[in-house]
Enquirer: 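Can you keep this structure in mind? I'll have questions shortly.
Residue numbers count from 1 along this sequence.
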Amino acid sequence: MTMGKRTQAAVLEVRLLREGIIESKHIVQAVVCDNRGRVLSVAGNAETATFVRSALKPFQALAVTSTGTLERYDLSDRDLAIITSSHKGTIQQVRQAFNILWRADIDPSALQCPIPEGKRSPLEYNCSGKHAGMLAVCQQCNWSLNNYLQRKHPVQQLIIAKVAEVLKMPAEEFISVHDDCGAPTYLMQLGQMASLYAQLAASSSLDMERIVRAMTHHPTLIAGDGEFDTELMRLAPGEVVSKAGAEGVQCIGRLGEGMGLAIKVIDGAKRAKYAAAIHLLQQMGWISPSVAEALSENFMSLGRYKRLEVIGELSIL
């Protein structure tokens, strides 16, 4: 990621209005990069660091696309989509995650993601597709299955090597911690996240092109009906690729233009990141006014008496 002299500007503010009166506020930072890693515009600080969380999943999927795993087990774009997903545990989504394991001849008991409260199987956990993909890579490469979540395991080393390759920086520079599902996640600057999604949107490799196709052609698998990523990609087909992360992280790529947007809500509020995303996507012209209106109705109108509004804009560097 390369930066000019100025890498920060005024932050965004998301306000919860109750019958027009401010009740709560959320502070939001956002960065837009191109696929050469240049910071184009910013609200807040492009160097703000946070954990990328589930927004990393499309890049964790590079381990699947680059090792012959898809071909070996005859996995489809639907399988690849569920590998990148944070799903709701619907029957359709659970079956898709199971399909990966079945084709790779792996028992579901090998999954080391948690069992959701009130559920019976780790397949119902929102990250089960990602875990199934990691296990399939291990099976393909003859790596051990019982410790695939360890940072030093070959599949995790492959993943961070792929991420480092995209960002053109040494893999050992990334700070790793465990995500809630047990897999490693990484501390990244917002500018680095935006750069990743710019390259994804530019389909900078055949592997990334296939990942984008899987996500945009099967948006229901990525999150689920009524969820932001699914509804955005459904309403703006072929325009954007979108993936949420926990604790107020949202990343979006502008297809065909090689630009990426990374958002971080400082207090981690989910509602604020969606409001900020809609506001910025409309400001940049990445979505039409009709799409923005439909999304606003679902994600900014919070019932009869409450709504969200966003104050501020990106500053061009």
Enquirer: Do S205 and D207 meet the criterion of a side-chain donor-acceptor pair at a distance under 3.5 Å?
Expert: no
Enquirer: Start with the C-alpha gap between Q29 and T48, add the side-chain angles, then the distance that decides, and say whether side chain to side chain donor-acceptor pair (under 3.5 Å) holds.
Expert: CA-CA 8 Å; Q29 301 195 54; T48 294; 2.9 Å; yes
Enquirer: Do Q139 and D105 meet the criterion of a side-chain donor-acceptor pair at a distance under 3.5 Å?
Expert: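 Judged by distance alone, the side chains do not pair up.
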Enquirer: Would L17 and I22 satisfy side-chain contact (heavy atoms from CB on, under 4.5 Å), going step by step from the backbone distance to the final call?
Expert: CA-CA 5 Å; L17 304 181; I22 298 172; 3.5 Å; yes
Enquirer: Yes or no on side-chain contact (heavy atoms from CB on, under 4.5 Å) for F174 and L167, after CA distance, side-chain angles and deciding distance?
Expert: CA-CA 11 Å; F174 289 97; L167 289 174; 3.8 Å; yes
Enquirer: Are K88 and D225 close enough for a salt bridge, meaning some N to O gap below 4.0 Å?
Expert: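 The answer is no: the pair does not qualify as a salt bridge.
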Enquirer: Looking at CD1 of I287 and CG of L281, how far apart are the two atoms once the value is rounded to the nearest 0.5 Å?
Expert: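 Answer rounded to 0.5 Å: 4.5 Å.
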Enquirer: Could you pull out all donor-acceptor pairs under 3.5 Å where a side-chain atom in residues 293-313 meets a protein atom, sequence neighbours excluded?
Expert:
| from | atom 1 | to | atom 2 | distance (Å) |
| --- | --- | --- | --- | --- |
| S296 | OG | A292 | O | 2.7 |

Enquirer: Are any side-chain N or O atoms of K273 and backbone N or O atoms of V249, one a donor and one an acceptor, separated by less than 3.5 Å?
Expert: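 Looks like yes, one N/O pair under 3.5 Å.
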Enquirer: Does N147 offer a backbone N or O that forms a donor-acceptor pair with the side chain of S144 under 3.5 Å?
Expert: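 No; judged by distance alone, with no hydrogens or angles, the pair does not exist.
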Enquirer: Do H26 and R271 have side-chain N/O donor and acceptor atoms under 3.5 Å apart?
Expert: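 Yes, a side-chain donor-acceptor pair sits under 3.5 Å.
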Enquirer: Ignoring hydrogens and geometry beyond distance, is a side-chain donor-acceptor pair present between R151 and Q156 at under 3.5 Å?
Expert: no
Enquirer: Check this for me, if you would: do R254 and D34 make a salt bridge, where the nitrogen-to-carboxylate-oxygen distance has to be below 4.0 angstrom?
Expert: no
Enquirer: Any luck finding a side-chain donor-acceptor pair between R210 and S203 under 3.5 Å?
Expert: no
Enquirer: Could you tell me whether E117 and K119 make a salt bridge, using a distance below 4.0 angstrom between a side-chain N and a carboxylate O?
Expert: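 Looking at E117 and K119, the cut-off is not met.
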Enquirer: Indicate whether any N or O donor in one side chain lies under 3.5 Å from an N or O acceptor in the other, for D229 and Q250.
Expert: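 Yes - a donor-acceptor pair under 3.5 Å links their side chains.
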Enquirer: Angle class for the H153/W143 ring planes (parallel below 30°, perpendicular above 60°, tilted otherwise)?
Expert: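 H153 and W143: perpendicular rings.
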Enquirer: Whether the side chain of T84 engages the backbone of P58 through a donor-acceptor N/O pair (distance < 3.5 Å, no angle test) should be reported.
Expert: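 The answer is no, because no donor-acceptor pair under 3.5 Å joins these two groups.
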Enquirer: Using only atom types and a distance under 3.5 Å, with no angle test, would you say the side chain of E124 pairs donor to acceptor with the backbone of V94?
Expert: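 Looks like no, no N/O pair under 3.5 Å.
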Enquirer: Under the 3.5 angstrom rule, does the side chain of S76 hit a backbone N or O of R78 as a donor-acceptor pair?
Expert: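 Yes: the side chain of S76 pairs with the backbone of R78.
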Enquirer: Check the side chains of S86 and K243 for a donor-acceptor pair under 3.5 angstrom, ignoring hydrogens and angles.
Expert: yes
Enquirer: Is the closest side-chain donor-acceptor distance between T90 and Q93 under 3.5 Å?
Expert: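 Yes - a donor-acceptor pair under 3.5 Å links their side chains.
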Enquirer: Taking S195 for the side chain and Q192 for the main chain, is one N or O donor matched with an acceptor at less than 3.5 Å?
Expert: no
Enquirer: Using modelled atom types only, decide if a donor and an acceptor are shared between the side chain of S54 and the backbone of G245 within a distance under 3.5 Å.
Expert: no
Enquirer: Return yes if a side-chain donor-acceptor contact under 3.5 Å exists between Y125 and H87, otherwise no.
Expert: no
